[in-house]
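Working notes, beginning with the structure itself.
Small disclaimer: the values here were computed from a predicted structure and weren't measured. Every chain is numbered from 1, with letters handed out A, B, ... down the list of sequences.
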Amino acid sequence: MTRENRYPDIVFIGQPNCGKSTLFNAIAGLKAQTSNFPGTTVKHTHSKVNVEGEVLNIIDLPGTYSLNPSDPAEKVVLTHLFSEKPDLIVNVLDASILGRSLELTLELIELEYPVVVALNMIDLAEKKGVEIDPKKLENLLGIPVIPTVASHGRGIKELLDASLQSLEKGLSVSHIKWSRDVEDKIEEMQDHLPEDFPIVGNKRFTAINMIAASKLLFDKMLRDINPSLKMNLDRVRSELETMHNAPAYEVIAAERHHLAFKIFEESSRVIRGKRISMLDRVDDVIMHPFLGYLILFGIFIGFFFVIFNIGSPLEELLLGPLDSFRVFLSLKLGEGVVFYLVDGLLQGIGGGVAIVLPYFIPLLFLMSFLEDVGYLARAGFLMDTFMHRIGLHGKSVSPFILGFGCNVPAIVSTRILESRRDRIITSLLIPFIPCSARTTIILALVAFYLGPFWALGFYLFNILLLGILGRVITLFFKTPSPGLILEIPSLKMPSLKNMMRNTYFQLRSFLKFAWPILIAGSVVLGLLQYFNFDKFINLVLSPLVEKGLGLPQELGVTLVFGFLRKELSLIMMLQALGVSYQDLMTIISREQLIVFTVFISFFIPCLSTVAILWKEIGKRVAFISMGLNTGVAIVLSLLVRLILVK
Amino acid sequence: MIRLIQAPSDTPLRIADIVGGHGVRRRLLALGFHKSDIIELDSRSIFRGPVLIKNLTSDTSVALGRGIAQKILVEIIDERK
């Protein structure tokens with residue numbers, strides 16, 4: 001870390017859905033020198049960029065509405081701001097809701113760290129009929145304001161230039177005055193702060209946040225440390241409360257709110273009255289109390305068939321050459337260790353390309369479409385009632401939907417949930433969502449051999465299972481879930497560039513992290529086979545695999561490796577059975593295929609999922625999740641075997 | 001003053017008070033819902049799902065669970081004025 005610290009730190013802060021990450025990616029993707037860590041390893045993304053010979057360390061923090069955090073994702077922002085004191089803050093605003101966005105800006109200015117404002121989505125504001133004068137806004141706020149449209153890359157150069165300039169000149173920021181009576185009280189509080197009091201930002205900011213702090217935690221602490229300061233704080237609060245007839249924190253929030261709207265009104269002009277745009281009409285249909293559900297269901301089924309219809313012909317096309325190459329190799333290399341090694345390598349590389357990517361890429365692309373238009377929150381709204389039946393609410397829907405892509409970021413995204421109870425339940429359920437790896441298995445095995453409707457049935461069964469498990473898990477939690485408060489961001493035209501970029505980022509992280517595991521796994525299996533060690537593992541597992549599940553004994557070893565990556569089981573399955581993809585059904589029956597898929601799908605979450613559960617929620621939950629998944633996998637696959645084989 | 005949940009849909013309403021606990025009040029404040037903001041309600045829902053609130057002052061929308069919508073007190077704005 002010390003090496004990196006020589007470069008200036010620039011943090012990106014903004015309210016959720018302000019296009020902050022798009023802006024960040026546009027900058028980092030353009031000139032990134034080093035890697036962009038996917039959400040799996042760190043709480044925030046950071047990247048080094050080179051702007052006109054100057055290396056900057058840019059950091060993307062999660063979206064936050066204010067510096068008064070109410071969920072774990074927002075707490076990350078605060079911790080980072082105070083512990084790593086950045087050299088510059090780039091505050092990204094959604095220009096189309098300028099009034100509210102400015103409330104966070106005002107808070108950042110109070111902190112008196114250098115701030116540059118990126119007035120993002122200025123095109124959307126114009127479409128809404130709001131004309132903003134950036135120069136005027138700049139004067140009112142006293143900090144640089146740069147209009148940007150991140151999705152088209154507009155204004156990015158100007159933003160970087162302004163940032164560099166601010167870094168060079170050293171930007172001085174001073175707060176804007178509030179109402180006289182409130183300012184007086186803040187000053188009074190400031191004067192009471194003892195010399196050795198831990199100041200955050202500056203004295204005024206510290207005083208304001210003491211007054212607005214949540215009484216539960218902070219007050220209790222202060223009472224123990226400094227009783228006389230606590231008494232003064234209580235007095236200031238109660239004076240504010242009697243003057244304004246509202247709790248002190250609301251008085252503070254109202255000050256910012258009024259100031260924000262005053263600045264908004266002075267710097268903007270609303271040209272047209274309320275105009276109903278095409279997107280509003282689309283939104284009405286998507287959120288319609290009846291049509292909305294039809295559309296939601298339609299999207300689910302539609303996605304399924306699109307992915308299958310793109311994936312399976314591609315898979316068939318790619319498998320042909322791969323198989324002939326293997327036949328050629330076995331003729332050339334004979335049966336020595338070289339053949340096993342090369343064959344393992346080929347299976348890993350070829351399997352990744354021919355079996356995984358045809359389904360993986362369309363899935364990623366469609367998922368980024370949903371994210372880009374802003375459908376996730378809408379799905380949360382529609383599904384809220386059903387989520388209540390399993391003891392959660394609509395806010396958990398977006399992590400669930402992300403889980404269809406990959407469980408790991410889905411578990412990270414549970415940070416948007418305010419209550420720990422909801423986070424635990426949601427995180428325990430996410431590993432039961434068929435992620436892209438499992439979708440590949442389901443499509444490549446069940447749909448490919450038995451037909452798409454079998455696979456669709458599998459999916460619907462999976463969702464039903466999710467409901468039942470949710471119901472059962474919530475029985476263990478006594479406190480009810482807090483109610484739903486979920487912002488519905490405005491619907492956006494999907495941007496192809498954005499979607500391609502997101503798909504590319506995720507694909508790249510697959511190629512970098514997962515593919516090597518697939519290749520290494522296959523090579524290791526090749527070696528195990530050469531030394532006949534696989535037979536030993538299979539023998540140990542045979543009571544479960546052969547007696548219990550009724551599968552060929554050779555599949556034992558593939559189940560073990562499935563813990564590393566779920567697709568690995570699929571690729572290794574062919575290798576272990578020693579057949580080509582086309583001939584698979586000559587060796588195992590339809591029933592065995594389904595039992596195998598059920599077991600693999602629900603069996604122990606993959607290594608990365610367990611790791612992120614451990615890190616995000618805790619060791620206990622990670623172990624519970626492993627036990628729960630393995631238990632459910634065994635019970636279900638036994639049941640399926642009993643039902644199908646009779 | 002009436003509870004938001006009982007207010008008519010698609011009519012301008014003014015937030016008079018929020019009677020919930022601190023957690024709820026803070027969350028709503030952060031999302032830009034303040035006293036005296038003008039809002040509109042859309043409570044159509046076939047499964048008794050959440051209600052949709054459009055804040056006309058800040059031009060934002062939020063979905064609120066029915067329990068939380070209970071805690072917001074509003075007054076109907078007389079449009080003839």
Side-chain angles (χ1 to χ4, degrees), chain A residues 15 64-66 68-71 74 94 96-101 103-104 128 130 212 214-216 246-247 249-250 253-254 256-258 260-261 264 274 283-284 287-290 292-293 377-378 380-386 388 393-395 418 480-490, chain B residues 1 3-5 9-12 14-73 77 79:
Chain A
Q15 296 187 331
T64 183
Y65 290 105
S66 71
N68 227 316
S70 53
D71 64 49
E74 294 189 347
D94 177 350
S96 72
I97 45 168
L98 185 61
R100 193 195 72 188
S101 309
E103 291 184 31
L104 177 63
K128 274 187 172 178
V130 182
S214 148
K215 294 195 172 179
L216 278 170
Y249 65 84
E250 271 184 35
R256 260 184 221 125
H257 179 61
H258 291 312
F261 274 84
F264 167 53
K274 207 176 151 195
D283 208 9
D284 272 348
M287 301 284 268
H288 189 272
F290 176 68
Y293 291 99
R378 287 165 173 80
F381 170 78
L382 291 169
M383 294 298 292
D384 185 65
T385 332
F386 302 103
H388 275 291
H393 62 64
K395 236 179 161 177
E418 295 95 348
S481 170
L484 173 76
I485 303 181
L486 175 66
E487 175 164 31
I488 310 288
S490 52
Chain B
M1 257 197 300
R3 291 185 185 278
L4 178 59
I5 201 83
S9 282
D10 298 322
T11 312
R14 180 179 289 116
I15 301 181
D17 204 358
I18 301 168
V19 291
H22 289 278
V24 172
R25 293 173 82 131
R26 278 174 191 273
R27 193 81 196 144
L28 286 170
L29 279 180
L31 283 160
F33 281 73
H34 295 259
K35 256 184 228 173
S36 78
D37 279 2
I38 314 289
I39 59 173
E40 247 176 32
L41 171 75
D42 180 353
S43 63
R44 296 171 302 164
S45 158
I46 43 171
F47 300 108
R48 271 188 66 78
V51 296
L52 197 63
I53 317 285
K54 230 178 229 136
N55 186 329
L56 302 180
T57 311
S58 60
D59 204 9
T60 51
S61 302
V62 291
L64 297 182
R66 287 181 179 255
I68 286 175
Q70 284 276 3
K71 294 174 182 162
I72 300 178
L73 300 176
I77 295 174
E79 284 190 85

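Residue M383(A) does not touch chain B at all, counting heavy-atom pairs closer than 4.5 Å. Within the 4.5 angstrom heavy-atom criterion, atoms from both the backbone and the side chain of E250(A) approach chain B. Using a 4.5 Å cut-off between heavy atoms, F261(A) contacts chain B through its side chain alone, with no backbone atom that close. Using a 4.5 Å cut-off between heavy atoms, S96(A) touches chain B through its backbone atoms (N, CA, C, O) alone. Interface remark: A212(A) contributes backbone atoms only to the contact with chain B (heavy atom separation under 4.5 Å).
Distance CD/E487(A) to OG1/T60(B): 6.0 Å, rounded to 0.5 Å. Taking CG from D42(B) and CZ from F381(A), the interatomic distance works out to 6.5 Å, rounded to the nearest 0.5 Å.
Not a single donor-acceptor pair under 3.5 Å links the side chain of R27(B) to the backbone N or O of I485(A).
At a threshold of 4.5 Å between non-hydrogen side-chain atoms, the residues P50(B) and H393(A) do not count as touching. Side-chain contact between R100(A) and T57(B): absent, with no pair of heavy atoms (C-beta onward) separated by less than 4.5 Å.
In terms of non-hydrogen atom pairs under 4.5 Å with chain B, the most contact-rich of L98(A), L104(A), D94(A), I488(A) is I488(A). When each of L31(B), D17(B), L52(B) is checked for heavy-atom pairs under 4.5 Å with chain A, L31(B) comes out on top. If you tally non-hydrogen atom pairs under 4.5 Å between each of S61(B), G32(B), G23(B) and chain A, the highest count goes to S61(B). Highest contact tally toward chain B, considering only H288(A), Q15(A), E103(A), is held by E103(A) [criterion: heavy-atom pairs under 4.5 Å].
Here the closest non-hydrogen pair linking A253(A) and L29(B) is CB-CD1, 3.7 Å. Closest approach of K35(B) and A246(A) over heavy atoms only: NZ-CB, 4.3 Å.
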